[in-house]
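See below for the structure under consideration.
Within every chain, numbering begins at 1; the chains are lettered A, B, ... in the order of the sequence lines, protein sequences first and strands thereafter.
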2 protein chains.
Amino acid sequence: MTASLANHHCPHNNAVSCGDCRLSSICLPISVKIDDIDRIDGIIKRGRPLQKGEYLFRAGEEFSSVYAVRSGSLKTLTITDNGDEQITGFFLPGEVMGLDGIGHSKHTNSAIALETCAVCEIPFTQMTELSLQLPSLQQHFFQLMSKEITYEQQLVTLLSKNTAEERVASLLLSISSRNQRRHLSGTRFRLSMSRADIGNFLGLTVETVSRVFSRLQKLSIIEVDKKEIEIADLDALKSAASAQ
Amino acid sequence: MTASLANHHCPHNNAVSCGDCRLSSICLPISVKIDDIDRIDGIIKRGRPLQKGEYLFRAGEEFSSVYAVRSGSLKTLTITDNGDEQITGFFLPGEVMGLDGIGHSKHTNSAIALETCAVCEIPFTQMTELSLQLPSLQQHFFQLMSKEITYEQQLVTLLSKNTAEERVASLLLSISSRNQRRHLSGTRFRLSMSRADIGNFLGLTVETVSRVFSRLQKLSIIEVDKKEIEIADLDALKSAASAQ
DNA sequence: CGGAAACTTGAGCAGAGTCAATAATTGTGG
DNA sequence: CCACAATTATTGACTCTGCTCAAGTTTCCG
């Protein structure tokens, strides 16, 4: 087996360029031309893989880059005035994190690996300079950030209007569809985060999350085996996610 | 009195250019040079004032512009799957709205005037074209959007972790500091939105908002007279806003 | 001035939190 | 590779914050 082939088979391999990356359709604009991709590729840094629990960046640190997840998953969190943590997002392969740091030139979140993972570092100053020459790259980042705003607004709505069951169901559906976008199973996957993380993210206690999982399982809507989730009845899960 | 002077005195006057606008330090980057401001000014459209209840844009409409509030205030809202509305923000003079529409080339929110107000329309395509030549303009919009993301994340945290009293207190403090930024009183102001709007925004019922107002008044932390609010004890309000 | 909308206050209820005990799982060192 | 400690998850009993329903009051606006 050649080194090249070996590279392609290792999920945390960091030698693959954007042009070869299966995730580029998610994290890079489709409109960017082949030779432009090489220019983008030129500014991207690929570091060693992160182990579970390692920080990618910390709140308060100088902001210099945004990051695209290549493999594995991470959570972002802030510390509230009262000192407890608030998880602000879970990030799966192809997704871009750290956009919130741009506005204050410091990271407002910390990012922690939920499992072994690899990320692409995109130095922001170089990206903005390059995007003055590649309008579609500029456009892409405007869109990324705008979508992030919309996503946060939907999260606000979820927390503001929905019950515990609806929130948990919505999160499962969100992970499901994000998996499907990567051509993975939308009905069978492993949760890389703990019940506590889920509760923290959704504004619920661990106990409530656990109870909802049990209830959804009893209703044969999902099948739970530790962190493995199977969505047994997708339609039922969708109804569970939104009142009526 | 000259026309020019009259213009400067009317709060909804739409003839003032960015260079003369007292709000430009808020809605435009400080780093933009004087003659660059004229170029920005050249793409901005100023329409007739909106009356209370009028829509500036509607969810689902084609996205073409973002808007800076010149005078008055507006709310943005989306309609949930269940058909009820979720208010996603209140916008005061100098603040930019509509950034969420960029990612989907459609507005995801509707914007409604809470009182008579004037807005500056910033056609987005022209803005992005201009920002290829004015890096600081590009930078400014990246920052605006990033700050919006951070703001939404703080709102998520508020809804996820804080009690009714803390949420209401936080909103009052937010309005207070946004007023101060415009060199208005941070301790005495008029709420342009209804109690129902506040509750909707904060994930509370009208009754709860009303009760919190009464309680804060009984504690001599605020003085409520219909929509007029006076913050009588700013420190106490700050403690009320965050648990311990 | 009158009707509609907005606001306030009270009483009772329920969904999710807290506290607590137990069970299952993971990680670690011998 | 197993045993034990530490972490994570589940389940139950009880409590409490904020919701619902209801009635009354005030404010707004034509």
Side-chain angles (χ1 to χ4, degrees), chain A residues 51-54 75 82 84-87 112-116 158-172 190-219 222-229 240 243, chain B residues 51-54 75 82 84-87 112-116 158-172 190-219 222-229 240 243:
Chain A
Q51 296 305 311
K52 178 175 177 173
E54 265 190 273
K75 63 178 173 183
N82 318 324
D84 38 33
E85 68 179 38
Q86 169 70 43
I87 295 178
I112 300 178
L114 290 168
E115 57 194 316
T116 304
L158 190 70
L159 296 181
S160 164
K161 296 242 187 308
N162 294 79
T163 64
E165 190 162 306
E166 289 158 1
R167 295 184 208 183
V168 173
S170 295
L171 177 62
L172 293 178
R190 190 175 172 284
L191 297 174
S192 57
M193 68 294 286
S194 68
R195 303 287 195 269
D197 283 343
I198 294 175
N200 184 305
F201 178 65
L202 295 175
L204 302 170
T205 58
V206 205
E207 293 94 327
T208 300
V209 174
S210 185
R211 277 186 253 267
V212 171
F213 274 177
S214 302
R215 206 181 313 150
L216 291 177
Q217 180 159 43
K218 189 170 288 177
L219 294 168
I222 62 175
E223 198 60 48
V224 185
D225 176 24
K226 292 157 227 165
K227 304 210 153 183
E228 293 291 334
I229 299 287
Chain B
Q51 296 306 311
K52 178 175 177 173
E54 263 189 273
K75 63 178 174 184
N82 318 323
D84 38 34
E85 69 178 38
Q86 169 69 44
I87 295 177
I112 301 177
L114 289 168
E115 57 194 318
T116 304
L158 190 71
L159 296 181
S160 165
K161 296 243 188 303
N162 295 77
T163 64
E165 190 161 306
E166 290 159 0
R167 296 184 207 181
V168 172
S170 295
L171 177 62
L172 292 178
R190 190 175 171 284
L191 297 173
S192 57
M193 69 294 286
S194 68
R195 303 287 195 269
D197 283 342
I198 293 174
N200 185 305
F201 178 65
L202 294 175
L204 302 169
T205 58
V206 204
E207 294 93 326
T208 300
V209 174
S210 184
R211 277 185 255 268
V212 170
F213 274 178
S214 302
R215 206 179 314 150
L216 291 177
Q217 178 159 43
K218 189 170 289 177
L219 295 168
I222 61 175
E223 198 59 49
V224 185
D225 177 23
K226 292 158 225 163
K227 304 212 153 184
E228 293 291 335
I229 300 287

Which whole-number value in Å describes the distance from [X] [atom1] to [N] [atom2]?
X      : N      : atom1 : atom2 : result
B/R211 : D/dT20 : CZ    : P     : 11 Å
B/E228 : D/dT27 : CD    : P     : 13 Å
A/N162 : C/dG15 : CG    : P     : 15 Å
B/E165 : D/dC16 : CD    : P     : 17 Å
B/D225 : D/dT26 : CG    : C1'   : 12 Å
B/F213 : C/dT9  : CZ    : P     : 12 Å
A/R190 : D/dT8  : CZ    : P     : 13 Å
A/L191 : D/dT8  : CG    : C1'   : 14 Å

Quiz item: A/S210 near the nucleic acid: base, sugar-phosphate alone, or nothing, with a heavy-atom cut-off under 4.0 Å?
Solution: base
Quiz item: Touch check for A/G199, heavy atoms < 4.0 angstrom, all strands: base, sugar-phosphate only, or nothing?
Solution: nothing
Quiz item: Can you tell me if NZ on A/K52 sees more than 12 non-hydrogen neighbours from other groups inside 6.0 Å?
Solution: no
Can you tell me which nucleotide in [options] comes closest to the side chain of [X]?
X      : options                : result
A/K226 : C/dC7, C/dT9, C/dT25   : C/dT25
A/T163 : C/dA16, D/dG18, C/dT25 : C/dA16
B/E207 : C/dA16, D/dT27, D/dT20 : D/dT20
A/S194 : C/dG27, C/dT8, D/dA9   : D/dA9

Quiz item: How far apart are the C-alpha atoms of B/L171 and B/L202, what are their side-chain angles, what is the distance that settles it, and do they pass the side-chain contact (heavy atoms from CB on, under 4.5 Å) test?
Solution: CA-CA 8 Å; B/L171 177 62; B/L202 294 175; 4.2 Å; yes
Could you tell me whether the phosphate oxygens of [N], OP1 or OP2, come under 4.0 Å of any side-chain nitrogen or oxygen in [X]?
X      : N      : value
A/T205 : C/dG17 : yes
B/T208 : D/dG18 : no
B/K227 : C/dC7  : yes

Closest non-hydrogen atom pair between [X] and [Y], with its separation:
X      : Y      : result
A/E166 : A/T163 : OE1-N, 2.9 Å
B/R195 : B/K227 : NH1-CA, 4.5 Å
B/S170 : B/L158 : OG-CD1, 3.4 Å

Quiz item: Which sits closer to the 5' end of DNA chain C, B/R195 or A/K52, going by the nucleotide each is nearest to?
Solution: B/R195
